[in-house]
A.B. asks: 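Input: one structure, supplied below.
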Amino acid sequence: PKMGAKYMGIIITLIVGGIIGWLASIVMRTDAQQGIFLNVVVGIVGAFLGNILGGMFGSGASLSTFDPVGLLWAFIGAIVLLAIVNLVRRGSVR
């Protein structure tokens, strides 16, 4: 594989992670206090969490392949992550 393909996967992961993090932040109503960078972090960490959760049920999350089940697990993982952050910050899931 060419060197560019590796970087393309990373770029796609960042973009899709950002979108997933942004959508999760809208669902959890934390979008106002989050910037683009935090949305990307939430999306990518959420995908990692989704991969673990999905792995328990037989399917993981991969942002760079646009697998619908994987994207759904990444979204669920991002929402779980935001719920945990809200719980730690405020003492309520919201």
A.B. asks: Does the side chain of V42 come within less than 4.5 Å of S25's, by heavy atoms?
C.D. replies: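 A side-chain contact is absent here, since even the closest heavy-atom pair is not under 4.5 Å.
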
A.B. asks: To the nearest 0.5 Å, tell me how far I20 CD1 sits from L23 CG.
C.D. replies: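 I20 CD1 to L23 CG: 7.5 Å, rounded to 0.5 Å.
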
A.B. asks: How close do N39 and G18 get, counting heavy atoms only, and between which atoms?
C.D. replies: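 Reported closest heavy-atom pair: CB-O, 3.8 Å.
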
A.B. asks: Nearest 0.5 Å please: distance from the CG atom of L81 over to the CD1 atom of I44.
C.D. replies: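 It is 12.0 Å, given to the nearest 0.5 Å.
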
A.B. asks: Side chains of V27 and F75, heavy atoms from C-beta outward: is any pair under 4.5 Å?
C.D. replies: yes

A.B. asks: Where do A24 and A78 come nearest, in terms of heavy atoms and distance?
C.D. replies: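 Heavy atoms only, the tightest pair is CB-CB, 3.6 Å.
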
A.B. asks: For I15, what residues pass the side-chain contact (heavy atoms from CB on, under 4.5 Å) criterion, not counting sequence neighbours?
C.D. replies: I11, I19

